[in-house]
Each structure stands twice: as structure tokens, then as C-alpha cells.
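One structure below.
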There are 2 protein chains.
Amino acid sequence: MKHNTLQSPSRQKPRRENLADRIYEQLKALIFNFQLLPGDYFSETEIAERFAASRTPVREALHRLHREQYVDVHFRSGWQVRPFDFKVFEDLYDLRILLETSAIERLCNLTELPACIAELSAIWCVPDVDRVTDMTLSDMDRSFHSRLVQAAGNEEMARIHRDISERIHIIRRLDFTKDYRIDATYQEHAAILDAIQHRRSDHAKYLLRAHIIVSRDEVRKITLHMLQEARERHM
Amino acid sequence: MKHNTLQSPSRQKPRRENLADRIYEQLKALIFNFQLLPGDYFSETEIAERFAASRTPVREALHRLHREQYVDVHFRSGWQVRPFDFKVFEDLYDLRILLETSAIERLCNLTELPACIAELSAIWCVPDVDRVTDMTLSDMDRSFHSRLVQAAGNEEMARIHRDISERIHIIRRLDFTKDYRIDATYQEHAAILDAIQHRRSDHAKYLLRAHIIVSRDEVRKITLHMLQEARERHM
DNA sequence: TTGCTAAATCTTGTATACAAGACAGGATAC
DNA sequence: GTATCCTGTCTTGTATACAAGATTTAGCAA
């Protein structure tokens with residue numbers, strides 16, 4: 001193979017929108033919205049017809065979703081939305097706790113905190129009346145935790161944290177339908193930020209762990225509830 | 001879209017070998033062996049001709065390598081082996097330390113250790129003469145650390161640990177060319193296993209952290225050395 | 001009704017054709 | 001000499017055709 005037959009492109013192009021990406025996003029949305037249910041079988045042709053595209057970009061999107069554990073491919077027998085696996089979510093939550101407490105540890109060892117922390121405080125450490133809700137609380141919560149990890153400066157940890165947060169998000173959203181969690185979320189985030197700003201590492205980690213475990217337990221209940229409902233539907 | 005137009009395939013098929021997977025592996029090998037150098041540009045057609053295949057499976061392999069951070073795609077301007085980024089490897093090492101110390105912590109809290117730990121001891125806690133070397137030390141080392149994380153029981157952590165270990169492996173292999181590291185590796189692994197078996201969590205974590213940091217520093221030196229050589233070649 | 005066989009249908013995997021744009025190099029204007 | 005524009009070549013992105021096999025279903029026998 002000849003090397004360097006291509007010249008170096010002058011600039012990094014902004015990866016203009018392509019069909020495969022669009023289909024990827026929309027397909028993921030279908031899965032997130034339970035329009036494609038865990039366990040459902042479908043074919044590339046079906047998806048291609050639905051999006052008025054050819055199989056090529058659909059395949060690219062599906063293989064990407066496969067790598068990200070959302071769907072499974074069966075050789076010459078179609079695709080399947082990966083069924084919920086209870087343990088996977090438990091494991092992902094534990095991994096989140098690990099990454100986020102590590103981030104807190106690192107942040108608390110800094111003499112000067114990144115500007116990002118002050119920005120988070122401006123969002124979360126506010127009286128009730130100043131609370132903005134242009135995002136859903138679910139998205140705001142995800143953003144809070146992601147930015148916390150990002151602020152610690154390890155890009156790889158941040159990238160993985162984003163990925164697993166998104167995977168959890170499928171089921172996590174369902175939690176925030178309950179109003180009483182809104183106040184609690186604000187208070188808990190504010191307390192965590194406060195502890196970080198006072199460099200109380202262990203306390204911050206303790207608060208965060210408790211905060212995430214509440215989520216995990218809620219999700220556990222939701223999962224059980226969904227399984228129950230699914231069973232009833234099929235009886 | 002009609003749901004469930006497909007019936008459930010009776011069995012999980014063993015995903016028979018396909019061309020895209022083969023090309024993916026071979027392409028990764030090319031990158032690992034520095035036959036494709038970081039920074040090199042190439043096109044899908046070149047790769048396809050080299051492997052006597054069409055662009056379709058090549059594209060699938062390349063997109064997979066892209067998601068795994070090995071290559072970059074430039075819109076209508078070819079592909080590029082992602083240049084080495086020093087900080088990425090540093091970050092990956094820190095993530096490894098985090099995952100592995102977490103695994104040790106968990107293992108040390110078990111009343112009964114998984115059988116896997118005894119198996120590892122059988123490999124690493126042996127006198128010099130009993131050392132087997134059917135694998136390269138580099139592969140054995142990777143296997144040791146992966147199995148340690150696997151033993152802790154969190155599948156997601158184990159999966160991510162495997163992925164990052166593989167990414168580090170590109171450069172990590174170069175370290176084990178030095179003979180004096182062989183003895184050290186055996187001793188350090190044995191010491192870590194011993195500490196785990198005696199439930200000395202903090203000590204095991206301390207040993208492991210030191211063990212990985214040595215690797216990281218070696219890699220750092222290698223990277224600097226390679227950069228130096230590359231500079232000299234281009235002068 | 002039940003069980004078996006074979007063809008018809010449908011699936012993914014792969015090769016190829018086409019489209020739209022990026023890039024290099026040369027011609028041209030000045 | 002220098003800058004600009006044009007054109008040909010090469011690139012990836014997308015659509016489509018074909019291959020090989022898995023699944024289903026119709027048909028038939030007992």
C-alpha cells in the first residue's frame with residue numbers, strides 16, 4: 001500500500017450532516033421513546049423505508065447502535081432492540097459513582113477550582129424562584145453530573161461518563177416525572193457544590209454517592225414496575 | 001413501521017466470521033505494528049485494494065476504528081490514522097488505575113474470593129523456573145489486569161477496562177522489550193495477589209498504583225523517544 | 001391432527017454504480 | 001512574479017444489485 005498518497009487536508013472539516021448520523025439519532029430516539037421496545041425485532045429494510053433512505057446509511061447507524069449496546073444483530077435474521085438487563089443498569093450506576101467521586105476527589109485537591117464549578121453554582125445554588133426550567137430537570141441533572149466530571153480534566157473519563165449517562169438516560173428520564181424529586185435534586189446538587197467549594201472531599205463524595213443511589217433505587221423500582229406491566233400485557 | 005414482523009430467531013447465532021470483522025482486525029494490526037503510522041493519510045479504495053475486497057466492509061471496519069478513536073475521517077478527503085496524543089495516554093492510565101483499584105477494593109470486601117484469583121496466583125506466584133511464556137509478557141500482563149477487574153463482577157467496568165487496555169497496548173508493548181521488567185512484573189503481580197488474598201485492600205491498591213505508574217512513566221519515555229526519532233527522520 | 005420436506009420469501013453481507021464536493025495543478029489575467 | 005479561476009481527478013456518502021443462507025410456510029403423507 002502506498003502511504004501518503006493523499007495530501008494533508010488543510011483544515012478539519014466540520015463533518016457536515018450526513019444521513020447516517022441523522023438516522024442514528026432518530027433511531028436512538030425511537031428506542032428512547034419506547035416506539036421500538038426492548039426485544040422488538042426489525043429489519044434494515046423496514047428502517048430504510050421508514051426513513052426513505054437506502055440500507056447503506058441505515059446499516060451504518062445500526063452498527064453504531066450495536067457497538068453502543070442498544071441493538072443486536074442476528075446473522076441474516078434481522079435486528080433486535082436489546083432487551084433490558086437489570087444488572088447492566090446497576091453496573092452503570094456503580095461506574096458513574098466511581099467516575100464522579102473520583103472527579104470530586106480531584107477537584108477538591110485543586111487550589112483553584114475551574115470556572116465551570118462557579119457556573120454550576122449559579123445554576124443550582126439559587127432560591128426556588130430563580131430556578132429556570134428551559135431544559136427538563138432530567139437533562140439538567142445529566143448536564144450537572146457530566147460537567148462535574150468534565151471539570152476534573154480527564155477527557156477519557158468524561159467521554160465514558162457521557163456515554164454511560166446516555167445509556168442510563170433511557171430509563172432515568174422516567175424518574176423525573178415525580179415532582180417531589182425536583183426540590184431534592186436542587187438541594188442535593190447545591191450541597192455537593194458547596195462541599196466541593198469548601199474542599200470537603202469526603203463529605204462531597206458521601207453526598208454524591210447518596211444522591212446517585214437514590215436515582216439507582218428509583219430506576220430499580222421503575223424497572224420492576226415496567227416488567228410487571230409488560231407481564232400483565234402479555235397475560 | 002410494522003413491529004414484530006420478524007419472528008424471534010430460535011438461537012443466538014455465533015456471528016460467523018465476516019469480511020468486515022477480518023478487515024477491522026487486520027487494519028488494527030497495521031496500526032499497532034506501525035505499518036500505518038499515526039498521521040498517515042489513506043483512502044478507502046487503497047485499503048479495499050490491499051485486502052482484495054470492496055469498499056463496503058472496509059468502510060464498516062474504518063467507522064468502527066473511528067468510534068474507537070484510532071482513525072479520523074475527513075469529509076471527501078480521505079482517512080487519517082489519529083496522531084498520538086500524549087495526554088490521552090496519561091488519561092487512560094489514570095482511568096485504569098481508578099478501575100483497577102476499585103476492583104481491588106471490591107474484591108477485598110468479599111469473604112470468599114472468586115476462583116479466578118487462585119488461577120491468577122497459579123500463574124504469577126511461582127518460582128522463576130516455573131514461569132511459562134507461551135504468551136508474550138505484554139499479553140500476560142494485560143490479561144492479569146483484565147481478569148482482576150473482571151473478577152470484581154462489574155461487567156461494564158470490565159468492558160471499558162478491556163477497551164482502554166487495548167488502546168494503551170499500541171504503545172505499551174514497546175515497554176516489555178526490556179528484560180529487567182520481566183522479573184519486576186512477576187514480583188509486583190505476585191505481591192498484589194498476595195495482598196488481596198490477605199484482604200489488605202489499601203496495601204494492594206498502593207502496590208497496583210505504583211505498578212501502573214511505572215508502566216505509565218515507561219510509556220511516557222517511549223513516547224518522547226518516538227517523537228524525537230520522528231523529528232530526526234523529518235529533518 | 002401431526003410431522004416432515006421443499007420451495008418461496010426474507011434476511012444480512014458484499015460488490016458496484018452514481019452523486020456531490022474537495023483538492024491539485026495548470027492556464028490565464030495583470 | 002503573483003493571484004485567480006477553471007478543470008480534471010480523487011474522495012467519501014448514498015443507492016442499488018447480487019450472493020448466500022436462515023426462516024417460514026405451503027404441501028403432502030401418515
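Numbers restart at 1 for each chain; the letters A, B, ... are given by sequence-line order, proteins then strands.
- Straight-line distance from the CZ atom of A:R59 to the C1' atom of C:dT14: 8 Å, rounded to whole Å.
- With rounding to the nearest 0.5 Å, the separation of CD1 in A:I47 from CZ in A:F42 is 5.0 Å.
- Note: CD (B:E60) to C1' (C:dT14) measures 10 Å, nearest angstrom.
- The NE2 atom of B:H74 sits 10 Å away from the P atom of C:dC23 (whole-angstrom rounding).
- Close placement of the B:W124 and B:F144 rings is indicated, their centers lying within 6.0 Å of each other.
- Applying the ring-ring contact (aromatic ring centres under 6.0 Å, His included) rule to A:H161 yields no partners; only residues at least two apart in sequence or on another chain are considered.
- Between B:R22 atom CZ and C:dT14 atom C1' the separation is 13 Å, expressed in whole Å.
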I'd like a table of atom pairs between the protein and nucleotides 15-18 of chain D - only N or O on both sides, under 3.5 Å - with the distance next to each one.
from   : atom 1 : to    : atom 2 : distance (Å)
D:dA15 : OP2    : A:S54 : N      : 2.8
D:dA15 : OP2    : A:S54 : OG     : 2.7
D:dA15 : O5'    : A:S54 : OG     : 3.4
D:dA15 : N7     : A:T56 : OG1    : 2.7
D:dT16 : O4     : A:T56 : OG1    : 3.4

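- Taking every side-chain heavy atom of B:R76 into account, D:dT11 is the closest of D:dT11, C:dT14, C:dT11.
- B:R172 and B:S215 share a donor-acceptor pair across their side chains, judged by distance under 3.5 Å alone.
- Under 3.5 Å, the side chains of B:R162 and B:Q150 contain a donor-acceptor pair of N or O atoms.
- Across the protein-nucleic acid pair, A:H63 atom NE2 and C:dT12 atom P stand 9 Å apart, rounded to whole Å.
- Cation-pi check for B:R82 over B:Y70 is not met; the charged atom does not lie both under 6.0 angstrom from the ring centroid and within 45 degrees of its normal.
- Expressed to the nearest 0.5 Å, how far CD of B:E156 lies from CG of A:L92 amounts to 4.5 Å.
- With values rounded to the nearest 0.5 angstrom, A:K87 atom NZ is found 5.5 Å from B:E155 atom CD.
- Regarding A:Y41, its OH atom lies at a distance of 16 Å from the P atom of D:dA22, rounded to whole Å.
- Between A:S43 and C:dT11 there is a side-chain polar atom (N or O) within less than 4.0 angstrom of OP1 or OP2.
- Put simply, CZ on A:F75 is 7 Å from C1' on D:dA20, counting in whole angstrom units.
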Residue pair B:T185, B:M140: steps toward the side-chain contact (heavy atoms from CB on, under 4.5 Å) verdict: CA-CA 10 Å; B:T185 300; B:M140 283 180 68; over 6 Å; no
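- Across the protein-nucleic acid pair, A:E46 atom CD and C:dC10 atom P stand 11 Å apart, rounded to whole Å.
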Check nucleotides 7-9 of chain D for protein N or O atoms closer than 3.5 Å to its own N or O atoms and list the pairs.
none

